[in-house]
Each structure stands twice: as structure tokens, then as C-alpha cells.
Asks: 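Could you have a look at this structure, given as C-alpha cells, before my questions?
Counting begins at 1 with the first residue of the sequence.
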Amino acid sequence: MGLKLEHVSYLYGTDTELLVRALDDVNLEIPDGQFIGLIGHTGSGKSTLVQHLNGLLKPSEGTILFNGENIWAQDYSRKTLRSKVGLVFQYPEHQLFETDVFADVCYGPKNLGLEQGEIERRAKKALELVGFPEKFFGQSPFELSGGQKRRVAIAGVLAMEPDILVLDEPIAGLDPKGKREILEVIEKYRKKNSATVIMISHNMDDIVKVADRVIVMHKGKKAMDGTPTEIFSHQEEIVALGLGLPVVSRLVQRLNEKGKNIPASICRSEELVAYITGEKK
Ligand code: ADP
Ligand code: MG
């Protein structure tokens with residue numbers, strides 16, 4: 001069934017003079033099983049939006065439904081919601097707090113009221129999935145490198161085995177290898193659990209590789225919504241929204257400036273290769 005946002009707006013600083021309308025009348029339906037890339041320049045409302053999906057922020061206006069139920073209804077359990085919609089924060093430091101890695105990853109399943117054996121089994125499985133070495137399970141999460149902190153933060157959410165995995169810039173600041181590994185973890189989890197994934201990223205090349213739907217935020221509004229091919233064929237619009245294009249889209253643009261006539265919808269390398277060599281995909 002999935003998530004549904006109806007006319008959702010969010011205001012920061014309602015008790016101050018610095019009122020910010022971070023979300024402005026957002027309507028959005030997220031059916032089960034999609035991999036959504038959420039993009040938009042800094043300050044467009046992406047982080048604010050995803051914090052609404054698991055009930056961390058309450059809309060100033062509008063309604064959020066999960067599997068048809070209003071998550072802000074009086075008797076609705078947002079604790080259960082948070083185990084089904086798992087949010088990995090933009091900064092792992094905001095998420096990690098226990099004295100050692102293993103305890104940190106156990107925290108989520110423990111909160112679900114599972115028995116100790118199951119809690120530890122899940123934590124171990126999640127740390128294994130993200131490729132975190134067992135010999136460092138006892139380490140303080142704050143002494144880890146940025147990449148390892150990211151892994152532990154992701155494992156903490158995966159250990160709850162959420163149906164919907166929401167990740168706020170999970171690959172920002174990682175080196176290419178670390179980035180690839182994290183994307184593989186996300187793909188693996190999604191396939192194994194038939195999960196929905198919503199991933200915020202500034203890396204358009206990754207977005208076209210993994211996402212089957214792209215949502216573009218601009219000034220708190222949903223500016224565009226479609227398949228990567230649909231979105232990135234609107235090259236000028238994307239650039240006007242302060243965003244970059246995938247490398248392949250830029251290449252197509254350059255080639256067309258030099259007189260070629262390549263369809264603007266081509267945004268992936270295999271599509272461009274197939275087009276140039278005349279091979280069918
Ligand atoms: P993004 O994740 O796309 O960069 P955010 O959702 O973080 O955007 O921010 C949307 C808007 O809300 C921005 O104008 C930002 O400055 C503002 N904002 C975000 N968090 C806060 C906060 N805690 N207090 C006040 N304003 C905030
Ligand atoms: Mg953000």
C-alpha cells in the first residue's frame with residue numbers, strides 16, 4: 001500500500017520571527033517496492049520531507065497516510081511506524097549514541113521488544129550485511145572513520161528490518177569504493193526484503209543507475225516527478241533548478257551542440273553505447 005502525503009506543509013520557527021516554509025503543499029504517493037531518488041539543491045526541503053515519513057516531524061498542515069492510516073491519528077503507534085519506515089540520518093553522528101557499535105545496532109530491535117537472542121541475531125546480520133568487521137563490534141562508534149560510522153548507522157536501521165528504507169545522503173563524502181559498497185548494501189537489502197527505498201543524493205550518476213523514479217524538490221515544493229529518463233530529458237529545467245546532470249546527459253548535450261542529433265532522453269552509458277553502435281538494448 002505504501003505512503004501517501006496529502007497537502008503537506010511544514011513551517012520551522014513558528015515561535016520565532018524567522019518563519020521558514022520548508023515544505024509547501026506537497027502531494028505524493030509512494031507505492032510499495034519503488035526505488036526513489038530524491039533530489040533538489042540544498043535547502044529545498046529534502047531532509048524535512050523524509051523526516052515526515054516516519055513521524056519524526058509533524059506536518060503543520062496536511063495528512064500523511066501509511067498503509068491507508070493517518071499516522072497522526074490519536075491512537076496510531078508511531079513507534080511501530082518507525083520500525084517499518086527506517087530513516088538513516090544525513091549525519092551518522094545524529095544517530096549513533098551507544099558506547100559500542102554492537103549495542104548501537106541492537107538499540108532498534110531492542111525497542112521493538114524482541115527477545116535478546118533475536119536482537120543479537122538481527123544486529124549481527126545487519127552488521128554483516130553492511131560489511132562491518134566483527135573485531136570492531138566493541139569499538140566506540142565515535143572513534144570510527146566517516147565511512148564506518150555510516151555503515152553502523154545504516155546497520156542500526158536495517159536491524160529493524162523496515163519495509164521502507166529512507167536514506168538521507170548515505171553516500172555523500174565517501175570515496176568511490178565506499179560509495180559503491182553502500183549502494184550495493186542498499187540494493188541487496190531491497191531485493192531480499194522487497195523493500196521500498198527512498199534515497200536522497202546529489203550524485204545524478206548514481207540516481208540514474210539505481211532509481212526507478214526521481215522526485216525533484218524546489219523551495220519546499222515537489223517540482224518534478226517521473227522516471228530518470230523523463231526527468232533528465234528536461235536538461236534545461238534541471239539545470240535551472242540548480243542541479244547537475246548525469247555525465248551521460250551532459251555528454252549528449254555537448255555532442256548535440258556539435259551538430260549530433262542524439263535523443264535528450266539518453267542518460268545512461270549503456271543507452272548511449274547502444275545508440276552510437278546501433279545495437280538494440
Ligand atoms: P535539504 O535537505 O533539501 O537541504 P532541509 O529540509 O534541510 O533541506 O531545509 C529546508 C529549509 O528549512 C531550509 O530553508 C532550511 O534552512 C530550513 N531548516 C531546516 N532545518 C531547520 C531548523 N531546524 N530550523 C529552522 N529552519 C530549518
Ligand atoms: Mg538535507
Asks: Distance alone, cut at 3.5 Å: any donor-acceptor contact between the side chains of Ser47 and Asp168?
Replies: yes
Asks: Does Ala159 offer a backbone N or O that forms a donor-acceptor pair with the side chain of Arg122 under 3.5 Å?
Replies: yes
Asks: Working to the nearest 0.5 angstrom, can you tell me the gap between Arg180 CZ and Asp206 CG?
Replies: 10.5 Å
Asks: Under 3.5 Å, side chain of Asp104 to main-chain N/O of Val152, donor-acceptor pair present?
Replies: no
Asks: What is the distance from atom OG1 of Thr99 to atom CD of Gln139, rounded to the nearest 0.5 Å?
Replies: 12.0 Å
Asks: Without swapping roles, check the side chain of Asp225 against the backbone of Ile215 for a donor-acceptor pair under 3.5 Å.
Replies: no
Asks: Test Val214 against Ile207 for side chain to side chain contact (heavy atoms under 4.5 Å, CB included), laying out the working first.
Replies: CA-CA 8 Å; Val214 176; Ile207 292 280; 3.7 Å; yes
Asks: Decide yes or no for Glu118 and Pro109: does some side-chain heavy atom of the first lie under 4.5 Å from some side-chain heavy atom of the second?
Replies: no
Asks: List the atom of Val8, the atom of Thr63, and the distance in Å for their closest heavy-atom pair.
Replies: CG2-O, 3.5 Å
Asks: Please name the pair of heavy atoms, one in Gln235 and one in Phe232, separated by the smallest distance, quoted to 0.1 Å.
Replies: CG-O, 3.3 Å
Asks: Decide if atom CZ of Phe137 counts as having more than 12 heavy atoms of other residues, nucleotides or ligands within a radius under 6.0 Å.
Replies: yes
Asks: Give me the atom names and distance for the closest heavy-atom approach of Leu96 to Phe142.
Replies: O-CZ, 3.1 Å
Asks: Starting from Leu158, can I reach Phe136 by hopping between I/L/V/M/F/W/Y residues whose side chains sit under 4.5 Å apart?
Replies: yes
Asks: Kindly work out whether a path of hydrophobic side-chain contacts (I/L/V/M/F/W/Y, heavy atoms less than 4.5 Å apart) joins Met199 to Leu38.
Replies: no
Asks: Specify the closest pair of heavy atoms between Leu129 and Lys188, including all atoms of both residues, with the distance to one decimal.
Replies: CD1-CE, 3.6 Å
Asks: Measure the SG-CG distance between Cys106 and Leu127 for me, rounded to the nearest 0.5 Å.
Replies: 8.5 Å
Asks: Let me check something: do Leu49 and Met224 share a hydrophobic cluster, defined by ILVMFWY side-chain heavy atoms less than 4.5 Å apart, either directly or through other members?
Replies: no
Asks: Start with the C-alpha distance between Leu65 and Leu3, add both sets of side-chain angles, then the distance that settles side chain to side chain contact (heavy atoms under 4.5 Å, CB included), and finish with yes or no.
Replies: CA-CA 6 Å; Leu65 304 162; Leu3 279 163; over 6 Å; no
Asks: Does the separation of the ring centres of His218 and His41 fall below 6.0 angstrom?
Replies: yes
Asks: What's the verdict on side chain to side chain contact (heavy atoms under 4.5 Å, CB included) for Ser9 and Val26, showing C-alpha distance, side-chain angles and the deciding distance?
Replies: CA-CA 7 Å; Ser9 293; Val26 175; over 6 Å; no
Asks: Among Val50, Leu167, Leu53, Ile164, find the residue that satisfies the side-chain contact (heavy atoms from CB on, under 4.5 Å) test when tested with Leu87.
Replies: Val50
Asks: Assess the side chains of Gln253 and Glu257: does a donor N or O sit below 3.5 Å from an acceptor N or O?
Replies: no
Asks: Salt bridge or not for Lys84 and Asp163, using N-O below 4.0 Å?
Replies: no
Asks: Quick check against the 3.5 Å criterion: does His52 have a side-chain atom that pairs as donor or acceptor with the backbone of Thr48?
Replies: yes
Asks: Shortest non-hydrogen contact from Val216 to Leu243?
Replies: CG1-CD1, 3.7 Å
Asks: For a side chain to side chain contact (heavy atoms under 4.5 Å, CB included) check, start with the C-alpha distance between Phe35 and Leu165, then their side-chain angles and the critical distance, and finish with the verdict.
Replies: CA-CA 9 Å; Phe35 195 135; Leu165 179 61; over 6 Å; no
Asks: If you define the side chain from C-beta out and look only at heavy atoms, does anything of Thr229 sit under 4.5 Å from Ile231?
Replies: no
Asks: Write down the atom of Leu241, the atom of Ala223, and the distance for their closest heavy-atom approach.
Replies: CD1-CB, 4.1 Å
Asks: If you measure from the Lys or Arg side-chain nitrogens to the Asp or Glu carboxylate oxygens, is any gap between Glu187 and Lys191 under 4.0 Å?
Replies: yes
Asks: Can you measure from CD (Glu69) to CD1 (Ile64) and round to the nearest 0.5 angstrom?
Replies: 14.0 Å
Asks: For the CZ atom on Arg78, are there more than 12 heavy atoms of other groups (residues, nucleotides or ligands in this structure) within a distance under 6.0 Å?
Replies: yes
Asks: Closer than 3.5 angstrom, by distance alone: can the side chain of Lys4 be matched with the main-chain N or O of Phe66 as a donor-acceptor pair?
Replies: no
Asks: Heavy-atom distance under 4.5 Å between the side chains of Asp100 and Ser140, does that happen here?
Replies: no
Asks: If you define the side chain from C-beta out and look only at heavy atoms, does anything of Val101 sit under 4.5 Å from Leu144?
Replies: yes
Asks: Please check if the side chain of Arg21 supplies one atom and the backbone of Gly220 the other of a donor-acceptor pair under 3.5 Å.
Replies: no
Asks: Do the side chains of Ile171 and Leu183 get nearer than 4.5 Å, heavy atoms only?
Replies: yes
Asks: With rounding to the nearest 0.5 Å, note down the distance linking OG in Ser269 to CG in Asp205.
Replies: 9.0 Å
Asks: Donor-acceptor check, side chain of Arg268 to backbone of Val248, threshold 3.5 angstrom: yes or no?
Replies: no
Asks: Group every Ile, Leu, Val, Met, Phe, Trp and Tyr by side-chain heavy-atom contacts under 4.5 Å, then state whether Val85 and Trp72 land in the same group.
Replies: yes
Asks: Are the side chains of Ile200 and Ile39 in touch, meaning some heavy atoms are under 4.5 Å apart?
Replies: no
Asks: Would you mind checking if Glu120 and Lys124 are paired as a salt bridge, meaning a charged N to carboxylate O distance below 4.0 Å?
Replies: no
Asks: Salt bridge check: are Glu161 and Lys125 linked by an N-O gap of less than 4.0 Å?
Replies: yes
Asks: NZ of Lys222 to CG of Leu23: how many Å apart, nearest 0.5 Å?
Replies: 12.5 Å
Asks: Hey, which of Ser249, Ser233, Pro228 is the one that makes side-chain contact (heavy atoms from CB on, under 4.5 Å) with Ser265?
Replies: Ser233
Asks: Regarding Gln34 and Thr196, is there a side-chain donor-to-acceptor distance under 3.5 Å anywhere?
Replies: no
Asks: If two hydrophobic side chains count as joined below 4.5 Å and joins carry through other members, does Tyr189 share a cluster with Leu174?
Replies: yes
Asks: Answer yes or no: is there an ion pair linking Lys179 with Glu181, defined by an N-O contact shorter than 4.0 Å?
Replies: no
Asks: Please check if the side chain of Glu237 supplies one atom and the backbone of His234 the other of a donor-acceptor pair under 3.5 Å.
Replies: no
Asks: Any sub-3.5 Å donor-acceptor pair from Arg213's side-chain atoms to Ile36's backbone N or O?
Replies: no
Asks: Check whether Asn54 reaches the backbone of Leu56 with its side chain - one donor and one acceptor, N or O, closer than 3.5 Å.
Replies: yes
Asks: Tell me, do Glu61 and His7 make a side-chain contact under 4.5 Å, heavy atoms counted?
Replies: no
